[in-house]
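A short worksheet on the structure shown next.
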Amino acid sequence: MTFDDIDMVIAIDETGSFSARSAELNFFIAVHLRQIKTLYKLKQRQFTEWERPLPRTLKNSKEEIKSSLLSDKQLTEFARNVICAPYFV
């Protein structure tokens, strides 16, 4: 395998107030997905299966799902079925 055989996706998102005077918490999160073998396609399928039943009202004009609008159940399902889902190599 060479470096030409490996592609990656790095997704970055943020939440909170980033105002210099804000006392609120703010977070950045990044996810690195290696696009090697079938792991990337598997993660894409897991996300699509989780996303499919969600109401369109949870998406903004850029088609992004706003986590602040998700229920605790929807967030738990995301964690179990996408983030912590088993994978096969």
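We use all heavy atoms of the structure for the numbers below, so side chains are in, but hydrogens, waters and symmetry mates are not. Numbering of residues begins at 1 and proceeds along the displayed sequence. Because the structure is predicted, anything quoted here is derived from the model rather than measured.
- In this structure Leu70 satisfies the side chain to side chain contact (heavy atoms under 4.5 Å, CB included) test together with Trp50, Leu54, Leu58, Ile65, Ser67, Gln74, Leu75, sequence neighbours excluded.
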Verdict with supporting geometry, Glu63 and Arg56, side-chain contact (heavy atoms from CB on, under 4.5 Å) = CA-CA 9 Å; Glu63 294 293 307; Arg56 294 203 39 82; 3.1 Å; yes

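- In the model, Lys41 has no side-chain atom that pairs as donor or acceptor with a side-chain atom of Gln44 under 3.5 Å.
- Side-chain contact annotation: Glu77 with Asn81, donor-acceptor N/O pair under 3.5 Å absent.
- In Asn60, the CG atom is crowded: over 12 heavy atoms of neighbouring residues, nucleotides or ligands sit closer than 6.0 Å.
- To the nearest 0.5 angstrom, Leu69 atom CG is 13.0 Å from Lys59 atom NZ.
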